[in-house]
Amino acid sequence: MSDLETFRAETRAWLEANCPEEMRQPLGSEGDICWGGKRWEFKSDAQKVWLERMAEKGWTVPEWPVEYGGAGLSKEEAKILKAEMKAIKARSPLNSFGIWMLGPALLKFGNEEQKLEHLPKIARGEIRWAQGYSEPNAGSDLASLMTKCEDQGDHYLVNGQKIWTSYADESDWIFVLVRTDFEAKKHEGISFVLIDMSQDGVTTKPIKLISGKSPFCETFFDDARCEKHNLVGEKNKGWTIAKYLLTHEREMIGGMGQGSGGMRPMGDIAAQQLGLDDRGMLADPILRTDVARAEIDGLAFLATMERVTDEAKSGQGVGANSSMLKYYGTELNKRRFELMMDSAGSDGLEWGAERDVASHWLRTKANSIEGGTSEVQLNIISKRILNLPTA
Amino acid sequence: MSDLETFRAETRAWLEANCPEEMRQPLGSEGDICWGGKRWEFKSDAQKVWLERMAEKGWTVPEWPVEYGGAGLSKEEAKILKAEMKAIKARSPLNSFGIWMLGPALLKFGNEEQKLEHLPKIARGEIRWAQGYSEPNAGSDLASLMTKCEDQGDHYLVNGQKIWTSYADESDWIFVLVRTDFEAKKHEGISFVLIDMSQDGVTTKPIKLISGKSPFCETFFDDARCEKHNLVGEKNKGWTIAKYLLTHEREMIGGMGQGSGGMRPMGDIAAQQLGLDDRGMLADPILRTDVARAEIDGLAFLATMERVTDEAKSGQGVGANSSMLKYYGTELNKRRFELMMDSAGSDGLEWGAERDVASHWLRTKANSIEGGTSEVQLNIISKRILNLPTA
Amino acid sequence: MAMVLSEEAGMLKDAAKGFLADSAPVSQLRRLRDEESADGFDRSTWKDMAEMGWTSVLVPEEHGGVAMGHVAAGVIAEEMGRTLTASPYLSTAIMGATALSRFGSDAQKGEWLPRIAAGDAITAVAVDEGRKHNPVNVTTQAERSGNGFKLTGAKSFVAEGHIADMLIVSARTAGGDAEEEGISLFLVPQDAAGVKIQRASMVDSRNSARIELDGVEVDADALLGEVDAGYKPLESILDSGRAGLAAEMSGSAQECLHQTVEYLKERKQFGEIIGTYQGLQHRAAHLYSEIELGKSIVLKTLQTLDMAPDHAAMMVSAAKSKMGQVAQLAAQESIQMHGGIGMTDEYDIGFFIKRVRVAEALFGDANYHTDKFARMRNY
Amino acid sequence: MAMVLSEEAGMLKDAAKGFLADSAPVSQLRRLRDEESADGFDRSTWKDMAEMGWTSVLVPEEHGGVAMGHVAAGVIAEEMGRTLTASPYLSTAIMGATALSRFGSDAQKGEWLPRIAAGDAITAVAVDEGRKHNPVNVTTQAERSGNGFKLTGAKSFVAEGHIADMLIVSARTAGGDAEEEGISLFLVPQDAAGVKIQRASMVDSRNSARIELDGVEVDADALLGEVDAGYKPLESILDSGRAGLAAEMSGSAQECLHQTVEYLKERKQFGEIIGTYQGLQHRAAHLYSEIELGKSIVLKTLQTLDMAPDHAAMMVSAAKSKMGQVAQLAAQESIQMHGGIGMTDEYDIGFFIKRVRVAEALFGDANYHTDKFARMRNY
């Protein structure tokens with residue numbers, strides 16, 4: 001038996017023995033996701049036990065080194081773990097921006113103390129992180145951010161406002177892009193700092209979207225204190241970290257399109273909602289046309305996700321293709337929800353339930369804005385892939 | 001009986017008596033149109049007689065003053081003449097760029113000698129005019145034209161090349177935009193001159209389009225001579241005349257959309273070509289959707305032509321709306337011919353006959369280029385109507 | 001007929017614009033929503049509208065109206081589309097007035113039209129039974145019962161049904177499902193025994209109701225028009241409402257473009273006013289063109305309703321379809337061009353995308369009317 | 001299966017690109033057109049292709065082929081789409097080879113496959129009878145006659161029918177119009193008595209024929225597959241061609257984008273390289289994205305044809321539909337962005353818009369395949 005096969009067998013056995021039955025059920029609602037953090041209240045004993053056992057193994061962050069709370073697994077081993085978890089329908093023990101965003105950034109740009117201080121707490125779900133990038137006047141043009149970070153000798157003082165800080169109202173710490181040099185060119189005066197949100201100088205306010213409640217907040221820094229050792233990377237070199245994380249984020253959002261592969265096909269939904277005529281054709285002949293076109297585009301998009309991934313693996317990839325996927329995937333998702341609304345008819349126009357189609361439909365309108373607008377993606381394609389000149 | 005009613009009665013009687021029977025038949029082909037000019041060979045005696053009689057009355061250019069070959073009719077009288085000609089299905093006695101383009105320009109910008117010299121010959125169909133605006137490197141950016149016009153003391157010498165000069169190979173004279181000052185800003189060094197094409201220094205070469213034969217030519221000026229009295233308006237002020245004529249042209253092209261009101265409805269054509277199913281629906285359900293959408297847009301466009309005209313009459317008009325009409329009308333026409341091709345199927349892909357649908361379809365692709373591209377029209381709308389700023 | 005507003009209609013437009021901007025702007029709808037208003041509209045604003053004569057534009061003079069016609073009615077609807085003013089104007093002043101003045105008996109006219117004109121009665125048209133509009137699909141039964149009829153069935157998506165004093169209900173007196181023949185129309189008081197009205201909470205924060213008719217007894221004189229021949233009148237009533245909705249959406253689309261263009265002139269990104277970017281300029285210019293086309297076909301349709309109401313159906317479907325698509329494009333482009341701020345509830349643009357979606361769906365969406373248009377053109 | 005070309009296919013692609021650019025660029029098609037070539041393709045280029053093994057990609061090894069499969073066949077078609085190379089590659093090396101290798105009897109295979117592989121025989125599929133592709137609409141009759149069949153009817157839009165040595169003809173042996181059952185396929189030599197071939201002059205300057213079958217007598221062994229059961233094999237043969245056309249259109253679309261982007265980088269207007277205008281940049285970037293989607297679904301489809309040919313129909317329809325739309329968008333945008341010069345016959349872009357139109361229509365246009373896709377998805 002090869003090492004990997006041994007690993008697979010052991011993993012399977014461990015999961016079988018340690019994953020509580022309740023944690024093998026599909027999520028009942030978004031509320032069942034475990035985010036961790038100081039203020040976290042476990043929804044059940046099973047959720048708590050599952051997180052503790054997985055964290056103990058280092059399997060909340062399986063590829064991170066052991067000394068930072070991970071299990072030091074290889075890519076292949078991590079893939080096996082994922083597959084085995086999927087096989088028993090195990091829920092993710094822990095979701096967090098710490099795992100997805102800050103962790104990778106610290107591993108790449110942080111110093112040893114920072115890694116030892118922050119990563120294990122992320123891995124164990126003890127500290128919940130928020131991200132503070134965007135500002136009201138710095139949307140697509142993120143680098144024009146103005147949150148001020150002043151050197152006070154032994155610490156920094158931060159003043160300003162961030163927007164679209166997801167779950168900031170439930171988080172313990174926040175990683176923030178701040179301006180440390182107002183004289184330099186806009187990309188060259190930015191730093192990346194970590195701020196404790198439990199202090200008085202940090203306040204948050206939830207943002208209501210047109211689609212209803214949202215995890216987004218505004219976060220205000222009013223003489224907030226940041227210890228000097230919480231500057232990540234070099235001062236005024238934060239843009240490098242930001243770019244790294246933005247690409248990371250774009251790939252995550254682009255990936256949403258792939259999730260749609262698991263969605264129930266639009267044509268089925270429409271056929272159920274509207275019925276078929278005596279020739280077996282959707283009762284609304286025009287919606288039928290639009291649904292078929294969108295489903296074909298959906299197939300083509302899924303094939304493109306696959307191809308881009310496989311090309312990247314084989315070294316033939318076009319880097320900026322993540323912009324193409326982000327652009328097309330989000331625009332297609334908007335189209336799809338317009339058609340879902342067409343198909344749902346007046347029933348879909350009722351409002352209230354958290355997960356109703358209208359609320360999802362409205363939420364998709366942000367897909368082509370967040371993580372870089374469609375316009376920004378088209379700019380990137382035209383410049384980096386087509387090499388069209390700049391005026 | 002009012003004056004206008006008297007005029008109508010007299011006109012009707014005169015037309016009845018003077019319009020040859022043959023000139024009341026629909027045009028058999030484009031070849032039946034009378035363009036006049038020195039090299040014109042009348043297609044029939046009737047064509048010749050009809051032109052002579054109408055020119056004699058000044059009715060080839062009814063609103064021009066009598067001294068320039070017109071009949072000095074009022075707008076109302078000219079409308080009556082048009083209506084009465086239509087009533088007996090009389091053909092136009094004379095088509096010409098002289099009447100449509102140069103005439104109005106001379107009436108507005110020409111001096112008395114120029115009017116007396118050129119207008120009567122236009123009115124009688126003795127001289128056929130071509131227009132020389134565009135150049136290979138000055139398309140949308142017409143003002144960057146480079147055809148050189150040098151002052152040689154008693155005359156000008158013209159060197160350069162014009163493109164898209166319709167019927168230049170059959171014309172006698174050409175009105176041309178030339179550069180008379182290479183130092184000035186591009187709009188300020190342009191002049192408007194009249195050139196005799198019978199000289200050796202002027203040669204033409206027909207342009208074949210993707211749609212087949214075309215009236216377009218390239219026209220080359222190789223030390224071509226232009227008498228000084230053939231400069232229209234002031235030297236270096238030709239751009240004013242050009243702008244006047246361009247607006248005129250845009251309205252003419254925009255008007256094409258209106259012509260489409262007389263076309264056979266697409267839905268009828270498609271129903272005949274493809275048949276209806278047992279529910280009376282077009283056999284191709286997807287084409288049906290697209291045709292219906294295009295027909296609705298066609299109705300909305302016709303209503304818009306009407307509204308813009310009526311608003312202009314009542315002084316409420318938005319001047320730059322001619323750009324909107326040009327943009328939408330030409331794009332819609334392209335869409336319509338794509339659908340005609342879809343409907344015609346493989347029969348429509350055969351090639352050869354002069355008036356086959358494929359050739360028309362290909363020709364429509366130029367609609368959104370000639371007379372100012374769609375992109376230029378969108379620029380105009382965004383600047384002059386929406387008042388969006390320039391970078 | 002000239003494709004411009006008459007002087008009279010132009011003055012009405014200016015007056016409406018002024019009044020609505022002052023007295024019923026988007027913030028009114030927001031307040032009604034946030035306060036969870038039981039009515040879903042402002043009764044005092046409605047009273048003001050009635051006093052200005054807006055509720056009488058389609059009421060004949062002999063019944064206390066001003067009979068200005070559909071162009072005038074559309075002008076008011078368009079202005080309401082700009083401010084998203086919530087009111088039973090469409091269901092009552094347009095559709096109720098059309099129903100009664102064109103198809104009502106003298107007694108019915110005498111009873112309802114003066115009250116509509118005075119703003120004292122609210123009506124609603126209860127036609128849909130499924131999730132999609134299709135007025136031939138009527139399963140609500142009206143059985144003969146004594147001197148009158150007994151109505152049993154359920155209606156959904158009844159705009160203003162929650163606050164209506166009287167419902168105009170389509171029911172089947174003969175014929176099978178999807179047959180035009182055998183549909184009859186009834187005037188049913190909201191307080192008739194057996195009428196159950198349940199307010200539906202809609203995405204646009206406007207009123208809509210699900211209505212159950214549980215053996216509702218009405219007299220023979222509750223019949224609107226002829227028995228079994230209600231389909232044609234119903235289509236005319238619906239067409240008046242569809243044209244009104246198209247006009248309303250025209251106003252909303254214009255307002256979306258207006259707010260977006262203003263935003264493009266202000267917002268800076270990458271050191272530039274974003275309105276200088278040609279990518280956005282061309283999209284705004286395209287949207288402008290689409291809206292101009294929509295405005296034209298709406299005006300043409302309203303004129304046709306005034307001049308030849310029995311031959312307006314094809315134009316109505318064209319207008320409802322075109323304007324529905326254009327208004328949705330306008331709302332979508334507005335949000336995208338506003339970026340993140342357009343997604344926040346605090347900003348007004350979200351109210352437009354929501355209302356436009358509902359207006360587009362009400363009494364037949366763009367697909368329904370495009371299909372109907374094609375059928376009327378015989379393909 | 002990884003969504004990348006194998007090393008073998010990648011080498012084939014490079015070789016094809018090089019050969020076609022040198023030996024059969026667009027100027028060859030132009031020359032064939034201008035010289036009014038009777039063949040409509042260049043026989044010496046065809047011979048070269050055969051020698052490189054292109055005509056044997058779908059021929060099994062036992063019949064002289066290399067059996068590389070549909071991905072390889074598509075790679076060649078894609079490169080031909082870039083150069084618009086005229087040849088009977090699609091009708092013969094793809095469709096003829098598929099027909100015979102999958103459905104031919106041993107005798108039929110032995111007779112035709114080696115000749116196809118060697119580039120010595122040209123085949124064509126005669127299926128359409130009306131202006132629109134619809135392979136169940138077969139009125140051509142095949143009556144039993146002696147030991148064989150007598151074929152009577154007419155076929156149109158037979159690509160390469162003019163130069164084919166052998167026609168694969170669908171005819172009705174039973175059943176009524178539009179029934180799948182009762183369709184049979186026949187191999188008909190072009191010189192059989194009663195076959196009248198009339199070349200049609202097509203907009204893309206390629207070959208197509210109208211064919212009359214006037215009591216054409218064929219032996220029983222001319223039957224391809226089973227009698228009355230020809231529809232499924234026919235669909236498989238057509239699907240191989242449709243996928244080939246999609247691959248070809250992918251090449252054409254890529255070339256249109258390439259030439260357009262190059263032009264945008266050169267052409268100056270208003271003192272600026274027009275490629276700096278964001279309006280054009282965004283359209284070019286959108287087109288790029290559409291083409292990437294088209295490339296992916298084409299590759300996926302070709303892989304499916306290789307791995308599960310009997311389950312490829314839905315993917316084939318999706319690919320033909322998507323790529324047809326994308327290629328037309330590419331051709332249209334190319335002309336618009338080139339401006340006036342793109343409209344001249346002297347420039348090559350016009351050849352692309354013409355060929356793409358024909359390729360899109362051949363064996364079912366985007367509408368046909370979108371509709372078929374919806375039917376296969378049961379709605």
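Owing to the predicted nature of the structure, the values given are computational and were not obtained by experimental measurement. Letters A, B, ... are given to chains in the order of the sequence lines, protein chains preceding strands, and every chain is numbered from 1.
- In this structure the side chain of A:Trp164 reaches within 4.5 angstrom of the side chain of C:Thr344, judged on heavy atoms.
- The contact between A:Leu209 and chain C is made by backbone and side chain atoms together, counting heavy-atom distances below 4.5 Å.
- Taking both residues in full, the closest heavy atoms of A:Lys365 and C:Ile353 are given as CE-CD1, 3.8 Å, listed atom of the first, atom of the second, then distance.
- A salt bridge links C:Arg357 and A:Glu338; the closest N-O separation between the charged side-chain nitrogens and carboxylate oxygens is under 4.0 Å.
- Counting all heavy atoms, side chain and backbone alike, C:Gln336 lies closest to A:Thr373 at NE2-CB, 4.2 Å.
- Here C:Ser156 pairs with C:Asp128, C:Arg210 under the side-chain contact (heavy atoms from CB on, under 4.5 Å) rule; sequence neighbours left out.
- Under a cut-off of 6.0 angstrom, the local environment of NZ in A:Lys148 is sparse, with at most 12 non-hydrogen atoms contributed by other residues, nucleotides or ligands.
- Scanning both residues, C:Met202 and A:Trp351, for their nearest heavy atoms gives C-CB, 3.6 Å.
- Interface remark: A:Asp347 contributes backbone and side-chain atoms alike to the contact with chain C (heavy atom separation under 4.5 Å).
- Every pair passing salt bridge (Lys or Arg N to Asp or Glu O under 4.0 Å) that includes a residue from residues 326-347 of chain C is listed here, sequence neighbours excluded: A:Lys208-C:Asp345, C:Arg30-C:Asp345, C:Arg33-C:Asp345, C:Arg283-C:Glu333.
- Applying the salt bridge (Lys or Arg N to Asp or Glu O under 4.0 Å) definition to pairs two or more places apart or across chains, none involves residues 376-391 of chain A.
- In this structure, C:Asp371 and A:Ile286 approach most closely via the heavy-atom pair N-CD1, 3.6 Å.
- With a 4.5 Å cut-off on side-chain heavy atoms, C:Val203 and A:Leu362 count as touching.
- Both the backbone and the side chain of A:Ala344 come within contact range of chain C, each with at least one heavy atom under 4.5 Å from a heavy atom of that chain.
- Rounding to the nearest 0.5 Å places CD of C:Glu129 at 11.5 Å from OG of A:Ser346.
- The residue among C:Ala200, C:Gly340, C:Ser208 with the most heavy atom pairs within less than 4.5 Å of chain A is C:Gly340.
- Here the closest non-hydrogen pair linking A:Ile369 and C:Ile335 is CD1-O, 3.9 Å.
- Heavy-atom pairs under 4.5 Å with chain A peak, among C:Lys268, C:His133, C:Gln328, C:Lys132, at C:Lys132.
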side-chain contact (heavy atoms from CB on, under 4.5 Å) between A:Asn137 and C:Arg267, worked out: CA-CA 8 Å; A:Asn137 289 311; C:Arg267 172 79 169 169; 3.8 Å; yes

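- Contact annotation for A:Asp342: both backbone and side-chain heavy atoms come within less than 4.5 Å of a heavy atom of chain C.
- For A:Ala358, the part lying near chain C is the side chain, with the backbone staying farther off; criterion is any non-hydrogen pair under 4.5 Å.
- The nearest pair of heavy atoms linking A:Ser140 to C:Phe270 is O-CZ, 3.4 Å.
- Contact count versus chain C (heavy atoms, under 4.5 Å) is highest, among A:Ser374, A:Pro136, A:Ser368, for A:Ser368.
- For a residue to count as touching a neighbouring chain, one of its non-hydrogen atoms must lie under 4.5 Å from one of that chain's; by this rule C:Ile274 does not touch chain A.
- One distance of note links OG1 of C:Thr370 with CG of A:Leu287; it measures 11.5 Å at 0.5 Å rounding.
- Heavy-atom neighbours of chain C within the stretch residues 272-282 of chain A, taken at a separation under 4.5 angstrom, comprise A:Gln273, A:Leu274.
- Shown are C:Val358, C:Asp204, C:Leu362; of these, the side-chain contact (heavy atoms from CB on, under 4.5 Å) with A:Leu349 is made only by C:Val358.
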